[in-house]
Amino acid sequence: MNTTNRHRAIRHGIKPPDKRCATDSPIETPPLPRKVIIPLRQHQGEAGKPLVKAGDRVLAGQKIAEGEGVLALPIHATVSGFVAGIISFVEPKSGQVEQAVAIDSDGQDEHIKPSACQDPQALSKDEILNRIKEAGVAGLGGAVFPTYRKLAVPAGKIIDALILNGCECEPCLSGDHRLMLEYGKEVLLGLDIIKKLVSPGRVYIAIEDNKADAIDNLRRLISEMSLDFEVVAFKSRYPAGAERLLVKALLGREIPHKGLPLDAGAIVQNVSTARAIFDAVIRGKPLTEQVVTVTGAVNSPKNVMVRLGTPVRDLIEYCGGMAAEADEVVLGGPMTGFAIADLDYPVTKGVRCVLVKEAAATEEKPCIRCGSCLDACPMYLQPFLLARCARSGRYDESCRLQLNQCFECGCCAYVCPAGIPITQYIKMAKRELCRKADGR
Amino acid sequence: MSAQGLLSVSAAPHIKGRSSIPRTMYTVVLALLFPTGAAIYFFGFNAIKVIATSIASTIVTDYLMKKLRGRAFALDGSTVITGLLLALILPPTTPLWMVAVGAFFAIAIAREAFGGLGQNIFNPALAGRAFMQLAFPLAMSTWVMPQGFKPDAVTSATPLGGVTAEPAMLDLFFGKTAGSLGETSVLAILLGGALLIALRIIDWRIPLAYIGTVAVFSLALGEDPLFQILSGGLMLGAFFLATDYVTSPITCWGRVIFGVGAGILTVIIRLYGSLPEGVCFSILIMNALVPVIDSCVKPRPYGLKRAKEAG
């Protein structure tokens, strides 16, 4: 075990004010929701096929939908109770009509018997991957990519580095921070399981330096548990936790164009995903809950352990209700989150923050070519040009300008003095290109 | 919640940095207060009259043009900067009606006719000055020694005119010399420029490349580099005119090329052209080349080997 004193840093990006107001309070467990709504599409890939129908009794942790297609993942009930039915709703991010299983909780919180593993060392790689798949674990850093597929490294691929992402670079989020403080052992054991799966050259844990207590805690645990992990402190900057930037800062190489971290010899996993892997493999527990930071204009911001499918309304109520002037609710962080129109919308896999705020009126002024967006873009693109092309419908040109390299971090729109919603223009251009490609 | 209990829905990102156009523009005005203060100190009432007329004329022109174009008029600081900069590059004894005409040209023709802020190719203050050079050549080459608030001004050639004996370097540095309102006090300009660089409003590469090139190139041609960089409008041009966002390149290396190009042109015009000063036209020529520079000099996107692949 060795530690390094040099703080790594990413280039470009922004430094927003660090307003993480729920950081000092331990994770709380709110009372069970009366009803959960579990969408059948919660991660990248096809929507699941329901295995239950209205009136069925289900237990918490019971599989209620089977995954379809290449990125298949099962979906589980998160409370015990009776299935109220399969409902349709409009998904706010895509605008598409999706289906969900609505379950009325019976308040008993009866779980299926978990298939705990007595001897994890005896499990083969395939058995571990199968447990991860059957538990429905997906990337909880936000991308929600099925974890078993990410960790099924093709034979012959060398992994130089396994990186645990504890940066939590979005302002306002502190769920991973608390997880590293309160569930540090589970996180490290989960990381150890991943290490067994991918056999990396080195294992790094990247944590921003505004979480000094988490850095210290993990270093202490690593030394107690005699693990060979290296905790690397990163200068707090957004988006330090973006995997492309992490890989470049830690390994000194860039993920190739249109490639994955795998192509640069790296695998990146989020702290919460590591804990979910521990639960899946050792405890045999499927993914039914995750830590969510409820913050912003609520009367008592907290970090809460939320059952997936809990309506956002319940969480806001638990945290003291919305402040008087608040009229907008964002799921996800302030830089990349999406606003919801209905408080009964549920918390799904990968939603790590409920941010309540007052809507701000913005006015778009003409671009003054100041170049701030170029200085902020972590992908070294020219955001002002992308916005200009999007506005005038020149989508093919924006493609040539590497529109698809943009991972929508929001830095460009954050710095723009003219208030141009560059990120929104880029998303619009991407959508239009998809529509054209689909022939619509 | 709104009165109907409805939620607002907006797009990410949901937080915004503090920078805004007025904030940036008025910070530049703040930095320009140094050369403005020096102008008033050295040239007294003339300075106050020219500056006031220029700013007032630019604002009135902007208002009229916005009304003509059916756009909203708002004082965001950009018009004030143009008015102030135009005044600072004019001779102190410029008749006020000429100042008003030049200001009108700068805003109405050089900026609004191109589409308003952000769309102009040429630096509006410099375009106004170039127009006045052609329309009022005599007034634009009448210079006076600094007299403060004393009434009688003594006409004199500027140091670059080559007629008077070369003034002491310290006079050039502090501003005890003939010249346009804002260009004489190098000290004041450096203070203002340093403020803008420290606040990261302007890119230090442009003044460094511009001034450095003038020094090196003039030295190579047998001139005194210190004299070349301290006299004329080079300092004011390098820190406040060449650094205008709209009319300079958007990438770092592009800005270096811009500064070097302006430096070479300035020395050539000064030494081999018929005008004593080359800053105004060299920056205007480089302004015209900015689209070419921007299309040739592009950042290399992450993950790609060469910027060329970025289209």
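What you see is a predicted model; the values in this text were computed from it and never measured. As a basis for the values below, the full set of heavy atoms in this structure was taken, side chains included, without hydrogen atoms, waters or symmetry mates. Protein chains get the first letters and strands the later ones, always in sequence-line order, with residue 1 at the start of each.
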Seminar exercise, completed: Highest number of heavy-atom pairs under 4.5 Å with chain A among B/Ser10, B/Gly303, B/Cys252 belongs to B/Gly303
Problem set entry | Separation of A/Phe384 CZ from B/Ile250 CD1 (nearest 0.5 Å) | 3.5 Å
Problem set entry | More than 12 heavy atoms of other groups within 6.0 Å of B/Arg69 CZ | yes
Exercise. Can you find a pair of side-chain heavy atoms, one from B/Pro299 and one from A/Leu374, that are under 4.5 Å apart?
Worked result: yes
For this session: Any chance you could measure A/Ile368, atom CD1, to B/Ile21, atom CD1, to the nearest 0.5 Å?
Result: 4.5 Å
Seminar exercise, completed: Comparing A/Ala360, A/Pro334, A/Cys416 against chain B, the one with the most heavy-atom pairs below 4.5 Å turns out to be A/Pro334
Exercise. Is a side-chain N or O of A/Gln402 found less than 3.5 angstrom from the main chain of B/Pro301, in a donor-acceptor match?
Worked result: no
Exercise. Does A/Gly337 offer a backbone N or O that forms a donor-acceptor pair with the side chain of B/His14 under 3.5 Å?
Worked result: yes
For this session: Select, from A/Leu245, A/Ile14, A/Ile340, A/Val329, the one with the greatest count of heavy-atom pairs under 4.5 Å involving chain B.
Result: A/Ile340
For this session: Name, in order of residue number, those residues of residues 387-399 of chain A that have a heavy atom at a distance of less than 4.5 Å from a heavy atom in chain B; otherwise write 'none'.
Result: none
Exercise. By a 4.5 Å heavy-atom criterion (distance strictly below it), what part of B/Ser78 contacts chain A: side chain, backbone, both, or neither?
Worked result: neither
Seminar exercise, completed: Between the OH atom in A/Tyr345 and the CG atom in B/Leu7, the distance rounded to the nearest 0.5 Å is 14.0 Å
Exercise. Counting only N and O atoms by type, is there a donor-acceptor contact under 3.5 Å from the side chain of B/Tyr302 to the main-chain atoms of A/Arg244?
Worked result: yes
For this session: Could you tell me the separation between the CZ atom of B/Arg300 and the OH atom of A/Tyr380, rounded to the nearest 0.5 Å?
Result: 7.5 Å
Exercise. Closest heavy-atom contact between B/Ile15 and A/Pro171?
Worked result: CD1-CG, 3.8 Å
Exercise. Going by the salt bridge (charged side-chain N to carboxylate O under 4.0 Å, His left out) test, which pairs reach into residues 365-379 of chain A, not counting sequence neighbours?
Worked result: A/Arg369-B/Asp294
Problem set entry | Option in A/Arg253, A/Lys357, A/Gln405 with maximal non-hydrogen atom pairs under 4.5 Å from chain B | A/Lys357
Exercise. Given a strict heavy-atom distance threshold of 4.5 Å, which part of A/Pro421 is in contact with chain B: side chain, backbone, both, or neither?
Worked result: neither
For this session: Identify, with sequence neighbours excluded, every residue that meets side-chain hydrogen bond (donor to acceptor under 3.5 Å, both in side chains) alongside A/Thr362.
Result: none
Exercise. If you measure from the Lys or Arg side-chain nitrogens to the Asp or Glu carboxylate oxygens, is any gap between A/Glu254 and B/Lys305 under 4.0 Å?
Worked result: no
Exercise. So what's closer than 4.5 Å to chain B heavy atoms on A/Cys367: side chain, backbone, both or neither?
Worked result: backbone
For this session: State whether the number of non-hydrogen atoms from other residues, nucleotides or ligands found under 6.0 Å of B/Tyr63 atom OH is greater than 12.
Result: no
Exercise. Picking from A/Cys370, A/Pro16, A/Pro92, which has the most non-hydrogen pairs under 4.5 angstrom with chain B?
Worked result: A/Cys370
For this session: Let me know if A/Ile255 has heavy atoms under 4.5 Å from chain B in its side chain, its backbone, both or neither.
Result: both
Problem set entry | Residue-level interface, residues 422-430 of chain A with chain B, non-hydrogen cut-off under 4.5 Å | A/Thr423, A/Gln424, A/Lys427
Seminar exercise, completed: Per-residue tally against chain A (heavy atom, under 4.5 Å) across B/Ala11, B/Ala12, B/Ser8, B/Pro249 peaks at B/Ser8
Problem set entry | Region of A/Val415 in contact with chain B, defined by heavy-atom distances below 4.5 Å | backbone
